[in-house]
Amino acid sequence: MKTRVRFAPSPTGHLHVGGARTALFNYLFAKKTGGTFVLRIEDTDELRSSEESIKSIFSSMKWLDLKWDEGTMPDLSEKGDFGPYMQSKRESLGIYKKYAEQLLKEGKAYYCYCSTEELDAMRKKAQLEKRSSKDEDRCRNLSAAQIEEFRGQGRKPVIRFRMPDDGQTVFEDLIHKHVKFENKLLYDFIMIKASGYPTYNFACVIDDHLMEMTHIIRGDDHISNTPLQLNVYKALGWQPPLHAHLSMILGQDGARLSKRHGATSIAEYQKRGFLPETMKNYLALLGWGTSDSQDIFKKGELEEKFNLSGCQKSPAAFDHVKLAWMNGEYIRQLSKEELFEAAGPYLKDFGLVLDKSNPRHLDIVAIEQEKYKLLGEVGSLVEFFFKDVSYDESVINKTLKAPDIEKILNGIKKTYSEISEFNDVVIEAKTREFAKTNGFKNGQVFHPVRVSVSGRTQGPTLFKMIEYLGKDEVIKRIDKTLSLIITQSTQK
RNA sequence: GGCCCCAUCGUCUAGCGGCCUAGGACGCCGCCCUCUCAAGGCGGAGAUCACGGGUUCGAAUCCCGUUGGGGCCGCCA
């Protein structure tokens, strides 16, 4: 049988790291098994759902290159034979109501007239008495007269599911193995809200069944919901899908990942200059691994190697340091053109508008490729090629106050001005020759030249940098440095 | 508070009864390379496998308990 899995986000915000990981694992599982990856929108929270969130989630999924075969598509159209795929649309079609009424008729569900306030009071009381906060199920066995009375009071009922009083609900989780719950501890959850909208635990069962899902892959914060849902399948006489509960993603301190751990939304990582390949690879390793602990995967390799048996039961901490290292790895794998393409948008923040048909621009952006960890930092490392440099105090003190500094810079200026073929090989040879014939150590010459042309003590490989800067510019910058040194020494 | 889940270097993980004096990766330290910083190469420190009981000739691996962490207990999903 062909596998069918789904990612079912609730559009109440951006796609966050945990959601993206769930989406990724479903996607990888579908790819690996040759199945279908469905996208369903769970917008049954009338207050918090927004189309803006849907757009944002889709945009992050597109960035991660997570394409789905069926469901609500990026342009909000519907694709597939099991639609609509947006729960609000399904609600207006009366899909949930239909099954709720069936359960009502069979006595497997009932109307509850309790108000939110009454429920809160009951829960509080239970907490005080240190009992489980399982509701009193006050409306479970209402007489016709009582129902009449509540109706007369104009109360708007909700529909609750009638949980079995005894027995156990067990399931074989694909990751956690045997999981068992006592039915008497389960509560009569609300299936249909007073507004007529279904709740998550109900809508999800109806849709997963109707959409013929074979596997439910989701976060293990849903383990406690599973027995509730399993009882609905049973009451409806349906065969439930297989479940696989993924471990949670935690912050470095072991607490649930939240804003205070830094960025949690995928959009934020995109903005900071992570490559989508990095995110995908890193997320895949959070709660999953291969038998040889592989850490970098080539394109298409995850799709080929992913399996549920490699999934971890224990939670994983999100490590920004390792993420940054991995991004560096991926940046290093880029061709010059790809790097330029990827870094382009981030360069604009530095006021740099470069031209990819200009080979010099391509070379400059790639000159420190092995050093980049974030696309967002490329600009700060290469902007000196295009802007006037300034020399700060510490740099001057460190390098430009060495003995013979004027002699060195003047000599280098002359040497460079005499080079006709201004490329790194020639520049390097001439620079070394200058040092040797004048009795200077290489470093004695290299360091001040670096500072003169770049304003920094550390940077790209020196002679390439000089080549890319160009003869005129280099001489101009050496002159500027020289005048700075002279001004400083006359002041004293 | 009730129920459920989880537990191998700081972190991600390999391990699925003997191959483990526990392997890899990130990070950290040292050396090499070298025009700086990186990258790369080599090496090192780092886990009595949470703890305590079993089972077994033999346990990180199986069982029980304890502790710790996490999740759920919403007319949120």
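Residue numbering restarts at 1 for every chain, and letters A, B, ... go by the order of the sequence lines.
Salt-bridge annotation for A:Glu42 and A:Arg40: present, with a side-chain N of the basic residue lying under 4.0 Å from a carboxylate O of the acidic one. Remark: A:Arg162 does not engage A:Asp188 in a salt bridge, criterion side-chain N to carboxylate O under 4.0 Å.
Of all nucleotides listed (B:C12, B:G15, B:C75), B:G15 comes nearest to the side chain of A:Ser291. Picking from B:C12, B:C75, B:C5 the nucleotide with the shortest atom distance to the side chain of A:Asp220 gives B:C5. For A:Ser293, counting side-chain heavy atoms from C-beta on, the closest listed nucleotide (B:G23, B:C4, B:A25) is B:G23. When distances are taken from the side chain of A:Gln312 to each of B:C75, B:U13, B:C12, the shortest belongs to B:U13.
In this structure, CD1 of A:Ile192 is placed 16 Å from C1' of B:G74, rounded to the nearest angstrom. Between A:Leu174 atom CG and B:C5 atom P there is a gap of 16 Å when expressed in whole angstrom units. Here B:U13 presents its C1' atom at 14 Å from CD1 of A:Ile296, a figure rounded to the nearest Å. Taking atom CG of residue A:Leu381 and atom P of nucleotide B:A39, one finds them 13 Å apart after rounding to whole Å. Rounded to an integer number of Å, the gap from A:Met248 CE to B:A77 P is 17 Å. B:A39 atom C1' lies 17 Å from atom CE of A:Met326, rounded to whole Å.
Sequence neighbours left out, the pairs with a member in residues 434-463 of chain A that pass salt bridge (charged side-chain N to carboxylate O under 4.0 Å, His left out) are A:Glu368-A:Arg456.
The partner of B:C51 is B:G65, judged by Watson-Crick or G-U wobble contacts that both fall below 3.5 Å. For B:U56, there is no paired nucleotide, since no Watson-Crick or G-U wobble pair has both relevant distances below 3.5 Å. Base pairing analysis places B:G10 opposite B:C26; the two distances defining the Watson-Crick or G-U wobble pair are each below 3.5 Å. With a 3.5 Å ceiling on both atom-pair distances, B:C76 lacks any Watson-Crick or G-U wobble partner.
Below the 3.5 angstrom threshold, one finds no donor paired with an acceptor across the side chain of A:Lys313 and the base of B:A7. Not a single donor-acceptor pair, N or O on each side, falls under 3.5 Å between the base of B:C76 and the side chain of A:Arg48.
Using a 4.0 Å heavy-atom distance criterion, A:Ser224 is classed as a base contact.
More than 12 heavy atoms of other residues, nucleotides or ligands lie within 6.0 Å of NZ in A:Lys108, so this atom counts as buried by the packing criterion.
Taking all atoms of both residues into account, the shortest heavy-atom contact from A:Ser452 to A:Ile478 is CB-CG1, 4.3 Å.
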